[in-house]
Amino acid sequence: MAVRPNILGEAPAELWGVPSSKRLIRQLRHAGASDPLGPDEAISAEDSVLVIRADYLYDPRVLEALVEHPDTGLLSGESPDS
């Protein structure tokens, strides 16, 4: 089973001269993920999709954990009840 990233958005600023989505793809590949999904690409039934925002800076350990545990989700921000 492969973990295929679906990267959403882009950060307004580049870090180290690299667009955020490109940096995130590199980090995810290092963590064991496969190539990201293309805009119109279908996913196979055996693969998992990791939906992740490119406008965040992730610790490599978080990305590794998300790739290793595809049934996990993280949520950031205020809850709707706040």
Side-chain angles (χ1 to χ4, degrees):
M1 172 179 75
V3 175
R4 301 287 308 274
N6 184 10
I7 299 174
L8 305 177
E10 191 73 54
E14 294 181 353
L15 292 177
W16 307 290
V18 179
S20 60
S21 59
K22 190 171 191 174
R23 187 184 68 254
L24 187 54
I25 290 168
R26 288 180 189 168
Q27 289 179 293
L28 287 166
R29 284 183 180 146
H30 184 74
S34 296
D35 290 334
L37 288 172
D40 297 321
E41 187 176 352
I43 187 78
S44 74
E46 296 83 29
D47 294 342
S48 292
V49 176
L50 172 61
V51 179
I52 192 163
R53 292 176 53 169
D55 60 345
Y56 275 70
L57 184 59
Y58 300 92
D59 185 285
R61 295 171 291 183
V62 171
L63 297 176
E64 289 169 9
L66 289 171
V67 170
E68 290 174 11
H69 304 283
D71 56 343
T72 302
L74 298 177
L75 189 59
S76 175
E78 294 182 23
S79 70
D81 299 332
S82 335

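Every heavy atom of this structure was used, including side-chain atoms; hydrogens, water molecules and symmetry mates were not. Values in this document were obtained by computation on a predicted structure and should not be read as measured data.
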All pairs passing salt bridge (Lys or Arg N to Asp or Glu O under 4.0 Å) where residues 40-54 contributes a residue, at least two apart: R4-E41, R53-D55
List the atom pairs, with distances to 0.1 Å, where a side-chain N or O of residues 24-33 and a protein N or O form a donor-acceptor pair under 3.5 Å, not counting sequence neighbours.
{"unit_1": "R29", "atom_1": "NE", "unit_2": "D35", "atom_2": "OD1", "d": "3.1"}
{"unit_1": "R29", "atom_1": "NH2", "unit_2": "D35", "atom_2": "OD1", "d": "2.9"}

Heavy-atom pair with the smallest gap, counting every atom of S34 and P5: O-CD, 3.3 Å
Any side-chain heavy-atom pair of L66 and Y58 under 4.5 Å: no
Hydrophobic cluster identity match, I43 and L50, side-chain contacts under 4.5 Å: no
Side-chain heavy-atom pair L63, I52 within 4.5 angstrom cut-off: yes
L15 with Y56, same ILVMFWY side-chain cluster at under 4.5 Å: no
Joint hydrophobic cluster, V62 plus V67, side-chain heavy atoms closer than 4.5 Å: yes
Value rounded to 0.5 Å, distance of NZ in K22 from CD in E10: 11.0 Å
L8 with L37, same ILVMFWY side-chain cluster at under 4.5 Å: yes
Exam field: side chain S20 to backbone A54, donor-acceptor pair closer than 3.5 Å: yes
